[in-house]
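What you see below is based on every heavy atom in this structure, not just the backbone, and it leaves out hydrogens, waters and symmetry mates. We name chains A, B, ... by the order of the sequence lines, and we start the count at 1 in each one.
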Protein chains: 2
Amino acid sequence: MENDKDYRAILKQGGLKYTKHRALILSVLGESSQPVGAGEIFLRLQTAGAGTNLSTVYRTLDTLASKGLVIKTNIASDTKALFELNTMEHKHHLICIGCKKMFSVDGCPIEEYEEQIGKREGFDVTGHKLEIYGFCKECKAERK
Amino acid sequence: MENDKDYRAILKQGGLKYTKHRALILSVLGESSQPVGAGEIFLRLQTAGAGTNLSTVYRTLDTLASKGLVIKTNIASDTKALFELNTMEHKHHLICIGCKKMFSVDGCPIEEYEEQIGKREGFDVTGHKLEIYGFCKECKAERK
DNA sequence: ATTCATGCAAACGGTTTGCACGCAT
DNA sequence: ATGCGTGCAAACCGTTTGCATGAAT
C-alpha cells in the first residue's frame, strides 16, 4: 500500500500494465520473508478487503513470473507451488524439516563449481538452486 | 526381472515384505537414469503386462521412500513428484530447461559450506539439494 | 492366522481454462 | 476503442483415502 509507487515502477519495468491486483500481490510478496503459496496470497488479499479471485491470483503470479519479477519455487516433497519476489540478489534457503519454515541465506558457495560442471557436461548453465535441509533452533530443541 | 534377487535384498534391508509390485517398481527405477513420475511408472508397469493400479504405485512409492529406499524429488516450478532409487551416492542434477531432462552428476562441492552455514544459523543440517539449470547440448544447438 | 498389500472408486487439493464483463491505456 | 485483466464456474490433474479382497510370512 504505502509503497505503491515502487510496485508501479516494478510493473513498468516488466512491461506490464498497472493494476490494483498486481500491485497488491507484489506487496504481499514484498512483505513476506519467505516464499508464499497462491492460496495464502489469496487469503491475505481477502482479509485485506480486496475483492479478488483465486484464479486471478494464479494468473497474475504466472505473468509476473514470466516477466521475471517473481520466482516460482517449491520445496522438495511438497506439491504446491510457492512464489517470492525476485530481488536479484542471489540467495539460498535453509528449510526446516520440522516446521517447514524457510530461511534465506545470502552468498553462494558454488559459482565456480557451476562453471566447471557446465564445461564438463556440455551444458549451457543459466542458474541453480540450492536448498539446505535440517532442523531450526526451535524444532531442534523440541525434538530431543 | 533379471535382478529379482537384488530387489528382494533391498526390500529386506528396508524391513519390507517382498511383493511383486514393489520389486517391479524398484526395477523400473533402477533402469531409469533419471527420476521418474508416478504416472510414468504406472504406464511402464501396464505395458510390461503387470496388472496394477495407480494408487498402489503411489502407496508403494510412499512406503519405499519412508524406508529411505527411494527418494522423492521435484524440479522447480513443476508440481508433480518424481522418484529415484536411493543409491546412497551423493548426487546432484543438471536440469535442462529446454527438454526437461535431468542428468546426474557425482560429487558435491558444498559439504564444508553446509557445515559452516549450519553453525552460523543454528541449524541442525541433515542434507541438501542442489540443482543446476541450463540447456543441454542438444537444446543449446536448437536454440540459436 | 494374522498382518499388511492391493484394486477399485470416489474424494480431494491445487491449478488451469472458457467465457462474458470491466478496466487501463 | 481496443486489448488486456478479471470474476465466476467448471474442468483438470496429480495425489490421497475408505473399504473390501487377496497375498506374504
Distances for protein N or O near nucleotides 21-25 of chain C N or O, under 3.5 Å:
none

List the atom pairs, donor and acceptor, that lie under 3.5 Å between side-chain atoms in residues 32-49 of chain A and the rest of the protein, sequence neighbours left out.
| unit_1 | atom_1 | unit_2 | atom_2 | d |
| --- | --- | --- | --- | --- |
| A/Ser32 | OG | A/Gln34 | N | 3.1 |
| A/Ser32 | OG | A/Gln34 | O | 2.6 |
| A/Glu40 | OE2 | A/Arg44 | NE | 3.4 |
| A/Glu40 | OE2 | A/Arg44 | NH2 | 2.6 |
| A/Thr47 | OG1 | A/Leu43 | O | 3.2 |
| A/Thr47 | OG1 | A/Arg44 | O | 3.1 |

Q: Would you jot down, in residue-number order, the residues of residues 32-45 of chain A having a non-hydrogen atom under 4.0 Å from DNA chain D?
A: none
Q: For B/Ser55, report the nucleic acid contact type (base, sugar-phosphate, nothing); a contact means any heavy atom under 4.0 Å.
A: base
Q) What's in the same ILVMFWY side-chain cluster as B/Leu130, cut-off under 4.5 Å, chained through other members? A) A/Leu94, A/Phe103, A/Val105, A/Ile110, A/Tyr113, A/Ile117, A/Phe123, A/Val125, A/Leu130, A/Ile132, B/Leu94, B/Phe103, B/Val105, B/Ile110, B/Tyr113, B/Ile117, B/Phe123, B/Val125, B/Ile132
Q: Give the rounded distance in Å between these two atoms: CG of A/Leu82 and P of C/dT15.
A: 9 Å
(Q) The criterion is ring pair (Phe, Tyr, Trp, His ring centres under 6.0 Å); which residues satisfy it with B/His128, sequence neighbours excluded? (A) B/His90, B/His92
Q) Base, sugar-phosphate, or nothing for A/Arg59, non-hydrogen atoms under 4.0 angstrom? A) base
Q | Which residues share a side-chain hydrogen bond (donor to acceptor under 3.5 Å, both in side chains) with B/Thr19, sequence neighbours left out | A | none
Q: Just compare C/dG7, C/dT16, C/dT15 and give me whichever is closest to any side-chain atom of A/Asp62.
A: C/dT16
Q. Can you pull the salt bridge (charged side-chain N to carboxylate O under 4.0 Å, His left out) pairs that have at least one residue in residues 19-29 of chain A, sequence neighbours excluded?
A. none
Q.
For chain B and DNA chain D, what are the first and last nucleotides along the strand, 5' to 3', with at least one atom under 4.0 angstrom from a heavy atom of the protein chain?
A. D/dG14 to D/dT25
Q | salt bridge (charged side-chain N to carboxylate O under 4.0 Å, His left out) pairs, two or more places apart, involving residues 77-86 of chain B | A | none
Q. Tell me the side chain to side chain donor-acceptor pair (under 3.5 Å) pairs involving residues 54-68 of chain A, sequence neighbours left out?
A. A/Asn53-A/Ser55
Q. To the nearest 10 degrees, what angle separates the axes at the start and end of the helix from C/dA1-D/dT25 to C/dT25-D/dA1, five pairs each?
A. 40°
Q. How would you list, by chain and number, every residue that makes a salt bridge (charged side-chain N to carboxylate O under 4.0 Å, His left out) with B/Glu131, sequence neighbours excluded?
A. B/Lys129
